[in-house]
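Chain identifiers are assigned alphabetically (A, B, ...) following the order of the sequence lines, protein sequences preceding nucleic acid strands; residue numbering begins at 1 within each chain.
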Amino acid sequence: MERIYLDHGATTPPHAEVVEAMLPYYRQYFGNPSSVHSFGREARRALDESREKTALALGAAPEEIIFTSGGTEANNLAIQGVIESLSHKGSHMITSAVEHHAVLDTMNKMSQKGCSLTVLPVDRCGMVDPHELKKAIRDDSVLVSIMTANNEIGTIQPVMELAAICREKGVLFHTDAVQAIGNIPLNLKEVPIDFLSLSAHKLYGPKGIGALFIRKGTKLGKLMFGGGQERKLRPGTENLPAIVGLAKAIEMATADIPGKSKAVAALRDRMIEKLLEKIDAIQLNGHPEHRLPGNVNISVKFVEGESLLLDLDLKGVAASSGSACTSGSLEASHVLMACGMDQQTAHGSLRLTLGHGNTAEEVDYTVATLKDSVERLRGMSSLYRDYRRQVEKKRNIGEEKTCTTKK
Amino acid sequence: MERIYLDHGATTPPHAEVVEAMLPYYRQYFGNPSSVHSFGREARRALDESREKTALALGAAPEEIIFTSGGTEANNLAIQGVIESLSHKGSHMITSAVEHHAVLDTMNKMSQKGCSLTVLPVDRCGMVDPHELKKAIRDDSVLVSIMTANNEIGTIQPVMELAAICREKGVLFHTDAVQAIGNIPLNLKEVPIDFLSLSAHKLYGPKGIGALFIRKGTKLGKLMFGGGQERKLRPGTENLPAIVGLAKAIEMATADIPGKSKAVAALRDRMIEKLLEKIDAIQLNGHPEHRLPGNVNISVKFVEGESLLLDLDLKGVAASSGSACTSGSLEASHVLMACGMDQQTAHGSLRLTLGHGNTAEEVDYTVATLKDSVERLRGMSSLYRDYRRQVEKKRNIGEEKTCTTKK
Amino acid sequence: MYNKKVMDHFQNPRNAGEMLKPSGVGEVGNMKCGDIMKIFIKVEDGRIEDINFLTFGCGAAIASSSMLTELVKGKTLEEALKITNTDVAENLGGLPDAKLHCSNLAADALHKAIEDYQSNNPSA
Amino acid sequence: MYNKKVMDHFQNPRNAGEMLKPSGVGEVGNMKCGDIMKIFIKVEDGRIEDINFLTFGCGAAIASSSMLTELVKGKTLEEALKITNTDVAENLGGLPDAKLHCSNLAADALHKAIEDYQSNNPSA
Ligand SMILES: Cc1ncc(COP(=O)(O)O)c(C=O)c1O
Ligand SMILES: Cc1ncc(COP(=O)(O)O)c(C=O)c1O
């Protein structure tokens with residue numbers, strides 16, 4: 001059986017062209033870009049070209065791009081780097097309740113070390129309110145970090161507005177755009193973002209490589225110390241094959257975003273519509289409109305997410321869940337909780353993230369399969385039985401009432 | 001013309017088998033090891049197996065291995081992590097004057113932040129004296145970091161003794177073994193090392209991946225915050241293809257070290273012998289015996305290193321230098337200076353690092369080529385002319401004297 | 001993540017379902033960690049003649065519920081009370097560490113069911 | 001790292017060597033940064049009729065020495081004094097940033113050589 005991959009939010013299969021672009025840098029052009037000799041110069045050239053391509057895809061200048069080992073490092077570098085670079089200015093930071101742990105945990109660490117921190121709430125759809133941000137900014141605020149799009153529920157934040165507020169107030173603005181780049185258009189010439197994080201493996205590139213955009217003139221401390229690579233901000237021999245892969249991937253990902261997104265969004269909408277139609281007691285999480293083209297996040301009530309994943313997996317469908325059981329921690333997704341969801345509903349959440357390789361047939365198979373799985377698991381769930389009994393009771397009461405009024 | 005690569009100390013060409021081992025993880029097995037579904041489990045299995053292989057090659061347990069983005073990160077994690085994990089214990093650290101910048105700069109940063117730091121001197125051969133270490137350890141010492149083998153001059157430190165002293169005194173011992181692993185045998189079952197850093201691209205593996213060995217029971221803070229990967233010590237989606245490559249490379253590198261090292265050391269000795277024989281006013285740097293099998297480091301007096309590199313490169317030989325001009329800074333190599341070398345001699349240093357692919361013919365060609373380059377550049381060097389004049393003068397004086405005594 | 005035996009019990013759970021007139025019922029778990037198990041027993045002559053479970057929970061929770069019912073069926077109450085969560089995990093050939101303490105609660109539910117039966121039948 | 005023109009001057013330096021009876025000699029540089037340049041000039045009728053250099057230094061140092069001698073040969077002392085390190089770098093088609101300030105000192109050496117000539121020939 002061909003398996004169906006619906007977990008593009010976790011990682012994406014690298015494009016064949018990306019892997020092809022990388023291979024020569026594992027084979028012929030293995031030099032260290034810092035070396036003076038011809039092997040080094042070949043490598044340096046590829047490094048420079050990759051930086052140019054990456055910058056171009058974002059509307060940035062090459063010297064504004066620092067390659068990192070991934071999205072997590074980019075987020076850490078931005079946040080820890082801002083704190084590190086401060087000498088006597090204040091140090092109040094602002095973030096949102098639905099950030100990825102790479103932002104949230106770093107912010108929390110900084111606050112343990114003496115910074116003050118405001119975590120902005122979100123509405124039921126996971127959106128940050130720009131007015132809330134405006135109110136939260138203080139005289140001693142130094143950094144605001146709010147993601148471009150959420151990895152779990154796909155909600156797209158009003159980054160343009162948020163960034164403009166920060167620029168106006170003279171506060172640095174960072175955005176974790178790991179889920180956004182390649183999925184929604186973003187031009188750094190037009191949006192006053194100071195720092196932007198991205199990760200190649202979310203946009204059909206290789207794992208273990210990402211980048212931080214640092215707007216020209218912005219001071220930043222560093223996480224690691226050593227060699228002079230990456231404008232002395234990120235030491236260590238450059239991961240050249242991966243950097244070449246990132247450049248190729250982002251070049252491909254940002255070509256014709258509207259066209260590609262439309263195709264994926266059509267699959268997404270087909271799936272959402274069918275799911276809501278065919279399965280009772282489920283709800284769509286995240287924003288109905290401002291959402292990533294590939295993101296479907298539902299809560300299947302009275303079923304626990306991990307068991308649903310396992311059941312789907314046995315039937316060849318790969319998805320993910322905000323259930324505590326899949327997070328390694330014992331808590332349900334902080335994102336769903338921040339949207340005001342109750343524990344039980346959060347535990348039954350399921351994320352299906354579509355990508356360029358998926359088809360309408362796969363969507364239809366998935367919906368049918370999911371329906372079967374839900375039925376099987378609900379059959380074992382005491383919570384569902386209790387719910388059905390209540391529904392029946394209500395219906396009976398309702399019928400009585402109807403009868404009553406009919407009299 | 002086939003170029004001759006003599007810069008294995010900078011980076012090594014990945015073995016074909018390593019690249020082959022990695023490819024399936026870019027193509028078929030692209031899953032995220034944290035995912036519950038079959039794509040994730042395939043990835044998880046490969047991750048676990050790679051950790052086991054890496055551990056086995058070092059005489060460690062799998063749970064003692066944390067994958068990082070390279071040697072620089074491993075060094076930073078060990079040093080910053082120890083400081084981070086301390087609550088109220090003292091914080092005196094000890095290192096040596098010949099460490100890689102990834103250790104030295106991190107140590108210096110920690111000392112700026114309030115730790116105290118002792119930098120042990122080395123002798124003319126670049127060796128740390130264990131007695132000096134013993135004397136330097138104080139009651140508030142928490143970490144000693146001394147490299148296993150030096151990247152510039154190839155000197156191998158008495159790590160066994162150094163580690164034993166630390167163990168005895170209850171101080172944690174870290175070693176940067178980036179240049180050593182695969183070149184000299186090292187079994188962590190036998191040497192009481194607490195932390196060991198390695199990097200795959202120095203042992204015929206891919207760039208952008210390394211590992212930190214952390215002996216069981218040793219507490220360590222972290223550099224970055226985010227997901228729960230790598231026992232929560234190193235968040236971020238694992239760079240699985242590179243990890244698979246590291247495991248394959250270290251497995252190959254540590255198989256039959258004595259045999260392979262002997263072959264490389266024979267080339268090294270052939271080169272050293274011929275160089276000293278054919279070129280006047282040169283000297284061998286580093287230790288005559290306790291040196292990496294592939295390392296040749298000479299100082300060519302009255303010639304500047306970068307110009308020598310360029311000239312060699314034009315003739316197809318790729319080497320490196322401790323010259324200020326190649327370091328990006330304006331200072332000559334701190335390693336050569338720590339060995340008591342004068343500036344001028346340090347600027348004329350040349351490092352030729354041999355690897356498994358090199359041949360005796362290449363060595364002979366290199367020596368002949370180097371001789372030509374040195375002659376050409378010395379022809380332009382006022383320093384060399386002055387030197388020759390002095391030599392001539394001395395000879396004339398000497399001859400006179402000889403005559404005098406004859407009377 | 002899970003071994004074959006666990007997956008078998010997850011895919012083909014034994015004795016899943018509600019029991020109509022149980023002698024005793026026990027329920028454990030809470031919503032925070034996301035596992036709720038309900039065990040129904042039918043006791044005859046001091047023996048667990050029949051047992052059923054309903055579980056809202058992860059794969060480990062379902063598999064351990066299923067395994068418990070297999071272990072218990074036909075046992076005397078005394079024997080059944082000796083069965084621990086660890087026994088269940090061992091009979092499943094082991095569970096991932098993270099699951100051992102949060103999802104492996106079936107024996108607790110059984111013990112509650114037996115208590116329930118005993119409090120309903122004080123003479124028994 | 002270096003462009004073609006720089007590499008050409010490095011590979012085929014013009015006017016490299018010692019001058020036997022120079023009218024003036026200038027030397028700049030220090031061992032710390034690793035570049036030492038010596039310029040020899042032969043002055044006739046207020047013109048630099050011949051020029052040579054000896055340089056211990058990196059590729060940029062050698063190439064800029066060579067380029068300087070090309071620029072200067074045949075010029076009057078006045079004209080020669082107007083030549084700056086920046087002119088040398090520009091005539092080479094540019095040098096890497098890191099090299100601009102440490103290895104691009106040939107014009108300084110020339111100026112010293114002219115000074116040397118002038119102090120030897122106060123009447124000139
Ligand atoms: C001794 C030593 N330590 C650390 C490093 C840094 O390793 P990486 O380039 O993988 O960060 C190197 C190589 O550059 C090295 O030679
Ligand atoms: C929104 C977001 N930020 C950061 C990350 C971390 O990226 P990486 O896994 O490349 O470290 C991820 C993915 O895991 C993500 O979805």
Side-chain angles (χ1 to χ4, degrees), chain A residues 3 5 7 10-14 19 22-23 26-27 30-32 34-40 69-73 75-76 100-102 105-106 108-109 199 201 206-209 223-228 235-242 306 309-310 312-313 317-321 326 328-329, chain B residues 3 5 7 10-14 19 22-23 26-27 30-32 34-40 69-73 75-76 100-102 105-106 108-109 199 201 206-209 223-228 235-242 306 309-310 312-313 317-321 326 328-329:
Chain A
R3 294 177 298 172
Y5 188 71
D7 202 10
T11 195
T12 53
V19 180
M22 294 170 69
L23 278 178
Y26 284 122
R27 291 174 172 157
F30 64 85
N32 187 324
S34 300
S35 295
V36 167
H37 48 65
S38 62
F39 297 84
S69 67
T72 297
E73 189 187 332
N75 285 338
N76 273 266
H100 189 269
H101 282 293
D105 291 6
T106 309
N108 280 324
K109 186 72 193 182
S199 181
H201 75 98
K207 293 180 182 62
I209 194 75
L223 289 177
M224 303 182 216
F225 306 88
T237 303
E238 299 89 343
N239 187 351
L240 189 60
E306 191 218 71
L309 288 191
L310 281 180
L312 285 175
D313 183 53
V317 177
S320 98
S321 163
T326 62
S329 81
Chain B
R3 295 177 298 172
Y5 188 72
D7 202 9
T11 195
T12 53
V19 180
M22 294 170 70
L23 279 177
Y26 284 122
R27 291 173 171 157
F30 65 85
N32 186 324
S34 299
S35 296
V36 167
H37 47 65
S38 62
F39 297 84
S69 68
T72 297
E73 188 187 334
N75 285 338
N76 273 266
H100 189 269
H101 281 293
D105 292 6
T106 308
N108 280 324
K109 185 72 191 179
S199 181
H201 75 96
K207 294 181 181 60
I209 194 77
L223 289 177
M224 302 182 216
F225 306 89
T237 303
E238 298 89 343
N239 187 352
L240 188 61
E306 192 218 70
L309 287 190
L310 281 181
L312 284 176
D313 183 53
V317 177
S320 99
S321 164
T326 60
S329 81

Looking only at B:Gly208, B:Gly71, B:Gly236, B:Pro206, the option with the highest number of non-hydrogen pairs under 4.5 Å against chain A is B:Gly208
In terms of heavy-atom contacts, A:Leu23 and B:Leu23 come closest through CD2-CD2, 3.5 Å
Expected output: side-chain A:Asn32 to main-chain B:Thr11 donor-acceptor under 3.5 Å: no
If you take all heavy atoms of A:Gly227 and B:His101, which pair is closest and at what distance? N-CB, 4.4 Å
Tell me, side chain or backbone of A:Ala242 under 4.5 Å from chain B's heavy atoms, or both, or neither? neither
Would you mind telling me which of A:Pro241, A:Ser35, A:Ala10 has the largest number of heavy-atom pairs within less than 4.5 Å of chain B? A:Ala10
Among the listed options B:Asn108, B:Val19, B:Thr237, the residue most often paired with chain A at heavy-atom distances under 4.5 Å: B:Thr237
Which atoms of A:Ile209 come close to chain B, meaning under 4.5 Å heavy atom to heavy atom: side chain ones, backbone ones, both, or neither? neither
As an exercise: rank B:Gly228, B:Gly40, B:Gly31 by heavy-atom pairs under 4.5 Å with chain A and give me the winner. B:Gly31
Excluding sequence neighbours, so at least two apart, what forms side-chain contact (heavy atoms from CB on, under 4.5 Å) with A:Pro235? A:Met224, A:Gln229, B:Thr72
Minimum heavy-atom distance between A:Phe30 and B:Lys207, given as atom pair plus value: O-NZ, 2.5 Å
For the pair B:Tyr5 and A:His37, name the ring-plane relationship: parallel under 30°, tilted 30 to 60°, perpendicular over 60°. perpendicular
Chain A heavy atoms under 4.5 Å from B:Asn76: which part of the residue, side chain, backbone, both or neither? side chain
Quick one: pull up OG in A:Ser38 and CZ in B:Arg3 and give me the separation to the nearest 0.5 Å. 4.0 Å
State, yes or no, whether a side-chain contact exists between B:Val36 and A:Leu310 at a heavy-atom distance under 4.5 Å. yes
Please report the closest heavy-atom contact between A:Asn239 and B:Asn239, naming both atoms and the distance. ND2-ND2, 3.9 Å
Contact part of A:Thr12 toward chain B, heavy-atom cut-off under 4.5 Å: side chain, backbone, both or neither? backbone
Applying side-chain contact (heavy atoms from CB on, under 4.5 Å) to A:Phe39 and B:Asp7, what does each step give before you reach the verdict? CA-CA 9 Å; A:Phe39 297 84; B:Asp7 202 9; over 6 Å; no
Find the one option among B:Gly70, B:Ser69, B:Ala318 whose heavy-atom pairs under 4.5 Å with chain A are most numerous. B:Ala318
Can a donor-acceptor pair be found, under 3.5 Å and without considering hydrogens, that links the side chain of B:Asp105 to the backbone of A:Phe225? no
